[in-house]
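For reference, the structure discussed in these notes is given below.
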Amino acid sequence: MKSPFIRSVFYPSDFIGDEQPAFEHALRVAMAARGRLDLFHVVRPGEDYDSSLFPSVRSTLERWGQIPFGAGIEAIKELGLDVRRVHAREAGVVASIEEHVASAAPDLLVLAMHQRTGTDRWLHRALSEPLARECHVPVLMVPRQGRRFVDEETGDVRLRTVLVPVDREPDAFPAVSRAEALLRTMEVVDAHFILLHVGPSWRTPAVRVSSESGWTHEVETWEGNVVDNIVASAKANDADLVVMAKSGQRRPLDALRGSTTERVSRALTCPLLVVPSARSRAFEAVEHATATWPAMPAVA
């Protein structure tokens with residue numbers, strides 16, 4: 001029996017209404033894994049903390065028909081869900097989230113994708129980009145507007161077409177591996193992988209996709225700008241999810257315009273799974289399904 005990819009999901013909440021799609025994805029993945037969901041909020045200076053402002057797990061599960069209306073906490077536990085609300089009083093939001101992610105070592109971090117561009121990006125620095133860049137765990141970025149693979153009304157999952165850009169550097173194997181594991185966790189049986197290489201066809205790396213029953217794959221080769229072609233292929237293929245391996249290096253020009261992954265995230269209209277190219281503690285945990293979860297830090 002293959003072990004699931006997800007055992008714990010970490011979701012930082014801004015306590016704002018347009019984060020609901022990202023929260024629903026975090027909850028649905030944790031529910032499929034029968035795992036732990038940590039809802040985290042950084043209390044900024046001068047802000048009053050109110051745990052009731054977290055997105056509602058109970059009302060969402062009621063809407064999806066997973067628990068009866070008015071059911072108590074025991075109904076949620078019967079689904080196998082372990083939901084924890086965690087907060088920290090820190091001045092630096094990004095640093096605080098990074099610290100708690102490193103401590104909790106979740107298998108997946110879920111973020112709302114702001115997708116700001118131009119001057120607006122400089123004036124309102126999105127949190128999703130630095131977190132996806134610095135955190136050494138897979139990060140699922142969900143656009144606030146656009147396509148999603150979790151239906152908001154029913155909780156049904158649509159993950160039929162998965163686009164994975166591949167190149168010789170960074171190595172695409174971790175991205176394909178984590179995409180497969182996510183699909184196994186969500187019990188997807190009819191997925192189609194598109195391995196996209198932007199550049200000369202002779203440079204297309206050999207990437208193996210598991211031969212699961214109902215899973216198919218193909219290789220596409222496009223010429224031109226990498227970012228533009230990834231976004232165009234996702235649109236042309238009606239992708240439900242794009243999965244990218246991120247490089248551990250950051251070039252000087254990236255500080256101005258953003259890395260390839262960051263620029264793709266700003267233009268996509270579907271969720272993006274960003275996977276560290278190097279092995280991390282989270283990857284090690286995936287290989288040991290019987291490993292125990294690390295303890296959460298004490299919360300006041």
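As the structure is a prediction and not an experimental result, all values here were calculated from the model. Index from 1, following the sequence.
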Only distances under 3.5 Å count here; give the side-chain donor-acceptor pairs of residues 149-160 to other protein atoms, sequence neighbours excluded, each with its distance to 0.1 Å.
from   : atom 1 : to     : atom 2 : distance (Å)
Asp151 : OD1    : Glu153 : N      : 2.8
Asp151 : OD1    : Thr154 : N      : 2.9
Asp151 : OD1    : Thr154 : OG1    : 3.2
Thr154 : OG1    : Asp156 : N      : 3.1
Thr154 : OG1    : Asp156 : OD2    : 3.1
Arg158 : NE     : Asp240 : OD1    : 2.8

Glu78 and Arg34: salt bridge (Lys or Arg N to Asp or Glu O under 4.0 Å), yes or no, with the steps? CA-CA 9 Å; Glu78 288 176 2; Arg34 297 180 63 84; over 6 Å; no
Determine, step by step, whether His25 and Leu140 satisfy the side chain to side chain contact (heavy atoms under 4.5 Å, CB included) criterion, reporting the C-alpha distance in whole Å, the side-chain angles of both residues, the deciding distance to 0.1 Å, and the verdict. CA-CA 9 Å; His25 282 67; Leu140 177 63; 4.2 Å; yes
With side chain to side chain contact (heavy atoms under 4.5 Å, CB included) as the criterion, how do Leu183 and Val162 come out once you've worked through the C-alpha distance, each side chain's angles and the decisive distance to 0.1 Å? CA-CA 10 Å; Leu183 265 59; Val162 179; 4.2 Å; yes
Run the side chain to side chain contact (heavy atoms under 4.5 Å, CB included) check on Val264 and Met244 step by step: do they pass? CA-CA 10 Å; Val264 168; Met244 296 181 67; 3.9 Å; yes
Could you please spell out the steps behind the side chain to side chain contact (heavy atoms under 4.5 Å, CB included) verdict for Val9 and Val110? CA-CA 7 Å; Val9 179; Val110 181; 3.7 Å; yes
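Within the model, atoms CG of Asp107 and OG1 of Thr185 stand 8.5 Å from one another, a figure rounded to the nearest 0.5 Å. Atom CG of Asp238 and atom SG of Cys270 lie 9.0 Å apart (nearest 0.5 Å). Taking CG from Leu182 and OG from Ser177, the interatomic distance works out to 11.5 Å, rounded to the nearest 0.5 Å. Going from atom CG of Leu111 over to atom OG of Ser265 covers 10.5 Å, rounded to the nearest 0.5 Å. Note that the CG atom of Leu268 and the CZ atom of Arg263 stand 13.0 Å from one another [nearest 0.5 Å]. The CE atom of Met141 sits 8.0 Å away from atom CD of Glu262, with the distance rounded to the nearest 0.5 Å.
Side chains of Pro12 and Phe10 form a contact here, defined as non-hydrogen atoms less than 4.5 Å apart. A heavy-atom distance below 4.5 Å is not found between the side chains of Leu108 and Val137. Using a 4.5 Å cut-off on side-chain heavy atoms (C-beta onward), Asp82 and Leu37 make no contact. Proximity of Phe23 to Leu39: side-chain heavy atoms (C-beta onward) are separated by under 4.5 Å at one or more points. Looking only at side-chain heavy atoms (C-beta outward), Val242 and Leu273 stay at 4.5 Å or farther from each other. Here the side chains of Thr204 and Leu195 are not in contact, with every heavy-atom distance at 4.5 Å or above. Between Gln66 and Met31, some side-chain heavy-atom pair lies under the 4.5 Å cut-off. Side chains of Leu272 and Met113 form a contact here, defined as non-hydrogen atoms less than 4.5 Å apart.
A donor-acceptor contact shorter than 3.5 Å links the side chain of Glu62 to the backbone of Gly70. A donor-acceptor pair is defined here as one N or O able to donate and one able to accept, closer than 3.5 Å; no such pair exists between the side chain of His41 and the backbone of His87. Put simply, the side chain of Thr60 gets close to the backbone of Ser56: a donor and an acceptor are under 3.5 Å apart. Counting only distance, with no hydrogens or angles, the side chain of Trp64 and the backbone of Arg28 share no donor-acceptor pair below 3.5 Å. His100 contributes no side-chain N or O that, together with a main-chain N or O of Ser103, makes up a donor-acceptor pair within less than 3.5 Å. Between the Ser233 side chain and the Asn229 main chain, no donor and acceptor come within less than 3.5 Å of each other. Under the 3.5 Å distance criterion, the side-chain polar atoms of Arg58 are matched with a main-chain donor or acceptor of Ala71.
A pairwise comparison of heavy atoms in Ser96 and Ala88 identifies OG-CB, 3.8 Å as the closest pair. Residues Arg85 and Pro55 share a closest heavy-atom pair of NH2-O, 4.4 Å. Minimum heavy-atom separation, Ser8 to Pro106: OG-CA, 3.3 Å. Nearest heavy atom pair, residue Ala104 against residue Arg36, reads O-NH2, 3.8 Å. Of all non-hydrogen atoms in Thr261 and Ala245, the two that sit nearest each other are OG1-O, 4.4 Å.
Around CD of Glu187, the count of heavy atoms belonging to other residues, nucleotides or ligands within 6.0 Å does not exceed 12.
For the residue pair His192/Thr216, the side-chain donor-acceptor check at 3.5 Å is satisfied. At a cut-off of 3.5 Å, with distance as the only test, a side-chain donor of Trp222 or Glu220 sits close to an acceptor on the other residue.
When the options Val231, Asp167, Thr260 are evaluated for a side chain to side chain contact (heavy atoms under 4.5 Å, CB included) with Val226, the one that passes is Thr260. Under the side chain to side chain contact (heavy atoms under 4.5 Å, CB included) rule, Val176 has a single partner from Val164, Val243, Asp171, which is Val164.
Remark: aromatic rings of Phe40 and Tyr11 are distant, center separation not under 6.0 Å.
When the side chains of ILVMFWY residues are joined at heavy-atom separations under 4.5 Å, either directly or via intervening members, Leu79 and Met186 end up in a single hydrophobic cluster. Put simply, Val139 and Phe173 are part of two different groups of oily side chains (I, L, V, M, F, W, Y) that touch within less than 4.5 Å, one to the next. Linking Ile, Leu, Val, Met, Phe, Trp and Tyr whenever their side-chain heavy atoms come within less than 4.5 Å puts Leu53 and Leu27 in one cluster. Note on Ile73: it clusters hydrophobically with Ile67, by side-chain heavy-atom contacts below 4.5 Å among ILVMFWY residues.
Ion pair Glu180/Arg184 flagged as a salt bridge, since at least one NZ, NE, NH1 or NH2 atom sits closer than 4.0 Å to an Asp/Glu carboxylate oxygen.
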